[in-house]
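Atoms within a ligand are numbered from 1 in the order they appear, just like the ligands themselves. Quick caveat: nothing in here was measured; it's all calculated off a predicted structure.
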Amino acid sequence: MMRSDSLTVLAPGRVNLLGEHVDYNGGVVLPAAIDRYVTLKAAPIRERQVRLTALDLGETVAFHLDRLDDRLDADGRPLPAWAIYPAGVAWAAARRGLPISGCEGEYSSSVPIGGGLSSSAAVETAFAALWRTFGGWQMDNLELARLCQEAENQYAGVNCGLMDQFASANGVEDSLLWFDTRSLEWRALPLPRDIRIVIADSSVRRSLAASAYNDRRAACEQALRILRGPLPQIRDLRDVSPAEFERHQDLLPKIPRKRARHVVYECDRVENAVKALETGDSETFGQLMFRCHSSLRDDYEVSCPELDALVNIAAELPGCLGARLTGAGFGGCTVNLVKADQAQDFAAQLRQRYQQVSGKKAEVYLCRASAGVRVRPSGE
Ligand code: GLA
């Protein structure tokens with residue numbers, strides 16, 4: 001049954017091309033929203049309740065909008081993990097005094113769960129956009145992303161930066177997003193027509209990813225505190241140049257030193273990558289992606305053998321300009337930059353060789369950079 005006041009929200013996942021693990025260090029990131037979506041259909045109801053079905057899981061939950069702090073469902077049981085995201089968005093909105101309507105709906109997702117493509121951010125932006133429309137909030141997509149980040153940080157307990165929610169909310173077709181996570185300035189960078197983005201899902205998932213992620217962030221904060229001794233003007237690791245890092249790195253204990261080295265050089269790579277993109281030099285952009293992967297593997301230590309295998313195989317295939325793990329790491333996906341006319345063959349070969357090498361199946365597909373979250377009446 002389709003109610004006339006039902007809305008359909010489409011919220012994309014994202015892939016990050018460069019600028020990994022810098023969004024909580026004040027850096028610039030280069031993600032794109034992708035053509036994989038959370039699709040949410042919902043209608044307002046009079047009760048102060050949210051009644052939801054996660055179609056992919058075949059599960060239903062109901063929770064009360066006035067008892068969000070408890071993290072319990074309407075029958076007093078702990079909320080299932082998937083419901084923490086919509087509940088967190090409602091919680092963050094309530095804290096700002098925004099009107100939130102009870103609703104009844106269902107959603108499904110073509111963004112793989114836990115695959116580094118921001119499945120949770122897509123769920124958050126979908127619900128935030130839904131409640132923004134129902135409640136008539138005056139809020140732009142950047143602020144919407146911040147609200148979703150608050151939900152993730154303070155309700156779901158993952159201390160993430162703003163990149164994922166930003167990309168899901170603000171995506172631009174056929175473009176990368178240049179996003180300065182400190183000043184919050186951003187612009188779209190059109191992707192050259194002769195290259196394609198190919199995503200490869202290693203099918204590996206790591207259960208402790210959230211705590212490992214929070215550990216990385218803590219190590220960066222420790223490095224920042226120490227480097228402020230000789231460099232009192234720095235606000236974030238982003239402000240440390242490679243030369244300054246080399247000069248002062250001996251002050252840092254081993255682990256924070258490795259983490260900071262990744263961040264400092266990654267910020268530098270982003271700068272060079274943007275210049276390369278602006279002059280149509282996709283080769284250089286791709287080389288910087290390979291370097292990013294090595295740094296994530298050796299210094300940030302967020303890769304795994306399967307992701308390394310995908311990158312190593314990709315590097316040998318015709319048409320491949322660059323490859324690296326994307327997102328937080330600890331399993332999940334790689335992103336590949338491939339010449340457009342060779343992208344289909346590349347995907348087929350990567351799939352085949354990965355299975356030979358790892359014994360595992362990778363889903364490999366060409367993706368398009370897409371627009372950010374959209375809301376429309378369900379009948380249309
Ligand atoms: C996760 C987080 C982002 C970002 C990336 C790593 O996706 O949600 O904020 O830190 O990891 O770049």
Side-chain angles (χ1 to χ4, degrees), residues 11-34 36 38 84-85 88-89 111-125 142 145-171 176-182 184 186 199 201 205-206 208-221 236-238 259-260 262-267 269-270 273 288-289 292-293 295-297 299-304 307 324-335:
R14 68 97 190 89
V15 66
N16 188 21
L17 273 286
L18 219 55
E20 211 65 275
H21 287 284
V22 304
D23 67 340
Y24 48 88
N25 289 299
V28 171
V29 293
L30 297 176
I34 59 175
R36 294 259 172 151
V38 164
I84 288 289
Y85 302 106
V89 170
V111 188
I113 310 281
L117 301 178
S118 300
S119 50
S120 55
V123 173
E124 289 155 2
T125 49
L142 185 61
R146 278 156 65 105
L147 182 114
C148 294
Q149 184 198 18
E150 235 167 82
E152 180 104 24
N153 289 169
Q154 293 173 40
Y155 202 80
V158 180
N159 217 355
C160 65
L162 187 56
M163 170 172 71
D164 303 349
Q165 292 79 7
F166 167 82
S168 180
N170 289 290
L176 294 185
L177 306 169
W178 178 97
F179 177 44
D180 183 324
T181 63
R182 184 158 68 191
L184 305 185
W186 70 279
I199 292 176
D201 187 340
R205 303 289 184 264
R206 183 170 150 190
L208 290 176
S211 67
Y213 181 91
N214 290 345
D215 289 350
R216 296 300 181 285
R217 185 163 182 162
C220 290
E221 283 161 8
D236 297 288
L237 283 184
R238 168 214 177 131
R259 308 302 185 242
H262 166 75
V263 172
V264 167
Y265 281 91
E266 182 73 350
C267 289
R269 279 189 286 274
V270 169
L288 293 164
M289 290 172 69
C292 168
H293 184 79
S295 169
L296 289 168
R297 183 191 59 209
D299 280 333
Y300 224 64
E301 296 179 286
V302 293
S303 189
C304 64
L307 291 170
R324 66 178 203 80
L325 75 83
T326 188
F330 318 107
C333 295
T334 62
V335 56

Under 4.0 Å to a heavy atom of Y24 - the qualifying atoms of ligand 1, by number: 10 (O)
Sidechain N-carboxylate O distance under 4.0 Å for R216, E301: no
Carboxylate-amine/guanidinium contact R259 D299, below 4.0 Å: no
The one among L162, L117, D23, L18 that brings a heavy atom closest to atom 9 (O) of ligand 1: D23
Sidechain N-carboxylate O distance under 4.0 Å for E150, R146: no
Distance-only N or O hit between ligand 1 and G161, under 3.5 Å: yes
Aromatic ring pairing H262/Y300, orientation class (parallel under 30°, perpendicular over 60°, tilted between): tilted
Atom 8 (O) of ligand 1: nearest protein contact (heavy atom, Å): D164 OD2, 2.6 Å
Considering all heavy atoms, the nearest L307-S303 contact: CB-OG, 3.6 Å
Atoms in ligand 1 flagged as close to M163, the criterion being non-hydrogen separation under 4.0 Å: 4 (C), 5 (C), 12 (O)
Distance filter under 4.0 Å to C160 heavy atoms, resulting ligand 1 atoms: 2 (C), 8 (O), 9 (O)
C292 vs R269, side-chain contact (heavy atoms from CB on, under 4.5 Å): CA-CA, chis, key distance, verdict: CA-CA 8 Å; C292 168; R269 279 189 286 274; 3.9 Å; yes
For Y213, the ligand 1 atoms whose distance to one of its heavy atoms is below 4.0 Å: 1 (C), 2 (C), 3 (C), 4 (C), 9 (O), 10 (O), 11 (O)
Identity and distance of the protein heavy atom lying nearest atom 6 (C) of ligand 1: E20 OE1, 3.3 Å
salt_bridge(R238, D180) N-O dist < 4.0 Å: yes
N16 N/O to ligand 1 N/O under 3.5 Å: no
Region of R14 engaging ligand 1 - heavy atom pairs below 4.0 Å: side chain
